[in-house]
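Have a look at the structure below, then the notes.
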Amino acid sequence: MLYLCATPIGNLEDMTFRAIRILKEVNLIAAEDTRRTRKLLTHFEIHTPLIRFDENCKATVAEKILERLKTGESVAVVSDAGLPAISDPGADLVRLAIDAGINVCPIPGANAALSALICSGLDTTKFLFAGFAPKKNKNRREFLQKLSTVEETIIFYEAPHRLKEFLEELLEVFGDRQIVLARELTKVHEEFLRGTISELIKNLDEPRGEFVVLVEGNKFVAPQPEENLLDFYNKLLEQGLDKKSAMRETAKKFNVSRREIYSKVIAT
Ligand code: SAM
């Protein structure tokens, strides 16, 4: 069994009973930063052997881990904080394990994105986790432009030294929307800063600590011209979708009824 095991994002009390038991029972713990994880393990009196598993060594270490899993041993993956495989190493190993017929098991726990979302006050019914924006200017701009029409709440991770620049770019691409900065979650200086992007840029001196940035979805998606709706519908048909599914997808995309699309299709 390959376990994907959550660890606290600040407050050690967020370690679960199950995580402690699993980390004690497995044959090996694959950790993003062994020094950091060793401190956590010492705190909970866990003495399981550790192996480094980070972005730089993941290809070679993944092979070793797979070999051990194939012999029937169990391994737990942990990252520095929160859920492995969420903006952290682990996802590739899960894919390899699945391909090799090995079972994967989540050990849930703390996660910065969802902890921030539930206290944000923004719409939680539908949301999009966008993780870290690319560092290169051109890629970042394209990344944000693609997200600018998303109607759901968007969740970003960002490092404190890039936060102001990120918010300024967000303002340019998204317009002055409502955002929430969730800072130092579960830690002593936890706080939620709410307001428009421009207000928060003005009030943010030197951002310190860890931040989750949550942005209200686009509430003003411009109505699309009729041709676009039909183009979209026809493109789906060309891609092999049947008429019913193409209508359903088009209706969803343009927020109109299927009957409306039907009458437009008939009219052409
Ligand atoms: N795997 C982690 C998870 O499940 O949340 C995320 C790891 S990612 C490398 C680190 C980023 O998560 C930080 O830059 C920050 O954006 C966010 N983060 C992690 N811990 C946080 C905390 N205590 N408060 C606010 N944001 C946090």
Side-chain angles (χ1 to χ4, degrees), residues 2-16 18-19 22-23 29-37 39-40 43 52-58 76-95 104-122 124 127-135 140 143-144 147 153-170 179-195 197 200-201 204 206-215:
L2 176 68
Y3 294 97
L4 277 281
C5 184
T7 55
I9 55 170
N11 191 326
L12 284 180
E13 288 180 26
D14 291 333
M15 189 74 172
T16 68
R18 188 165 172 228
I22 293 293
L23 291 178
I29 299 171
E32 188 183 3
D33 178 340
T34 47
R35 274 212 309 211
R36 213 171 146 162
T37 299
K39 276 191 202 155
L40 180 82
H43 182 87
R52 189 172 139 219
F53 181 68
D54 61 18
E55 283 303 326
N56 301 322
C57 67
K58 68 178 183 190
V77 182
V78 298
S79 65
D80 286 354
L83 293 175
I86 298 295
S87 297
D88 266 340
D92 298 348
L93 188 58
V94 169
R95 189 70 260 158
V104 267
C105 173
I107 308 296
N111 164 253
L114 291 181
S115 305
L117 177 68
I118 57 172
C119 290
S120 68
L122 299 175
T124 60
F127 56 88
L128 187 149
F129 174 66
F132 287 98
K135 291 197 185 86
R140 192 172 58 240
F143 171 84
L144 291 179
L147 292 172
T153 304
I154 309 174
I155 310 173
F156 297 97
Y157 285 161
E158 192 49 283
H161 60 278
R162 276 195 294 270
L163 186 64
K164 264 205 149 163
E165 205 185 317
F166 176 69
L167 293 182
E168 275 156 12
E169 195 156 3
L170 207 57
I179 58 166
V180 178
L181 300 179
R183 177 174 171 263
E184 293 286 86
L185 290 164
T186 77
K187 303 182 198 176
V188 180
H189 298 294
E190 175 181 281
E191 63 178 339
F192 293 89
L193 306 165
R194 300 180 176 89
I197 304 181
L200 290 194
I201 291 175
L204 211 63
E206 246 183 65
R208 291 227 179 93
E210 297 195 278
F211 287 88
V212 179
V213 180
L214 305 104
V215 188

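Note that ligands are numbered from 1 as they come in the structure, with each ligand's atoms numbered from 1 the same way. These numbers come from the heavy atoms of this one structure, side chains and all, not from hydrogens, waters or symmetry mates.
Considering backbone and side-chain atoms together, Ala182 places no N or O closer than 3.5 Å to any N or O of ligand 1. Taking only nitrogen or oxygen atoms, main chain and side chain alike, Ala110 does not reach within less than 3.5 Å of ligand 1. Considering backbone and side-chain atoms together, Gly10 places no N or O closer than 3.5 Å to any N or O of ligand 1. Here's the thing with Ser87: none of its N/O atoms is less than 3.5 angstrom from an N/O atom of ligand 1. Of the N or O atoms in Ser79, none lie within a sub-3.5 Å distance of an N or O in ligand 1. The shortest N/O to N/O separation between Ala112 and ligand 1 falls below 3.5 Å.
Among Ile29, Val94, Leu2, the single residue meeting the side chain to side chain contact (heavy atoms under 4.5 Å, CB included) criterion with Val77 is Leu2. Each of His189, Glu184, Glu191 was scored for a side-chain hydrogen bond (donor to acceptor under 3.5 Å, both in side chains) with Lys187, with one residue passing: Glu184. Applying salt bridge (Lys or Arg N to Asp or Glu O under 4.0 Å) to Glu169 and the options Arg140, Lys135, Lys164 leaves one that passes, Arg140.
For ligand 1 and Val212, the ligand atoms under 4.0 Å from any heavy atom of the residue are 25 (C), 26 (N). Atoms of ligand 1 found under 4.0 Å from any heavy atom of Leu83 (numbered from 1 in listed order, with element): 1 (N), 3 (C), 4 (O). Listed by number with element, the atoms of ligand 1 under 4.0 Å from a non-hydrogen atom of Gly82 are 3 (C), 4 (O). Heavy-atom contacts of Lys187 reach the following atoms of ligand 1: 23 (N) (cutoff under 4.0 Å).
Scanning all protein heavy atoms for the shortest distance to atom 11 (C) of ligand 1 gives Phe132 CZ, 3.7 Å. With hydrogens left out, the protein atom closest to atom 13 (C) of ligand 1 is Glu210 OE2, 3.6 Å, a heavy atom. What sits closest to atom 22 (C) of ligand 1 on the protein, heavy atoms only, is Leu185 N, 3.6 Å. Here the protein heavy atom with the shortest distance to atom 16 (O) of ligand 1 is Phe211 O, 2.5 Å.
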Phe192 vs Leu214, side chain to side chain contact (heavy atoms under 4.5 Å, CB included): CA-CA, chis, key distance, verdict | CA-CA 10 Å; Phe192 293 89; Leu214 305 104; 6.0 Å; no
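Proximity of Asp88 to ligand 1, defined as any heavy-atom pair under 4.0 Å, is confined to the side chain (atoms from C-beta onward).
Ligand 1 lies out of reach of Phe156, whose nearest heavy atom is not under 4.0 Å from it.
Atom SG of residue Cys5 and atom CG of residue Leu23 lie 4.0 Å apart, to the nearest 0.5 angstrom.
Residues Arg194 and Cys119 share a closest heavy-atom pair of NH2-O, 2.5 Å. A pairwise comparison of heavy atoms in Phe129 and Tyr157 identifies CZ-CE1, 3.6 Å as the closest pair. For the pair Phe53 and Ala30, the tightest heavy-atom approach, listed with the atom from each and the gap, is CB-CB, 3.8 Å. Minimum heavy-atom separation, Val213 to Glu158: CG2-CB, 4.5 Å.
Panel note: side chain Thr186, backbone Asn11; a donor-acceptor pair is recorded below 3.5 Å.
The ring of Phe156 has its center no closer than 6.0 angstrom to the ring center of Phe211.
Residue nearest to atom 1 (N) of ligand 1, selected from Asp14, Val78, Ile86: Ile86 (by heavy-atom distance). Distances from atom 2 (C) of ligand 1 to the heavy atoms of Ala159, Gly209, Ala81, Ala116 put Ala81 nearest.
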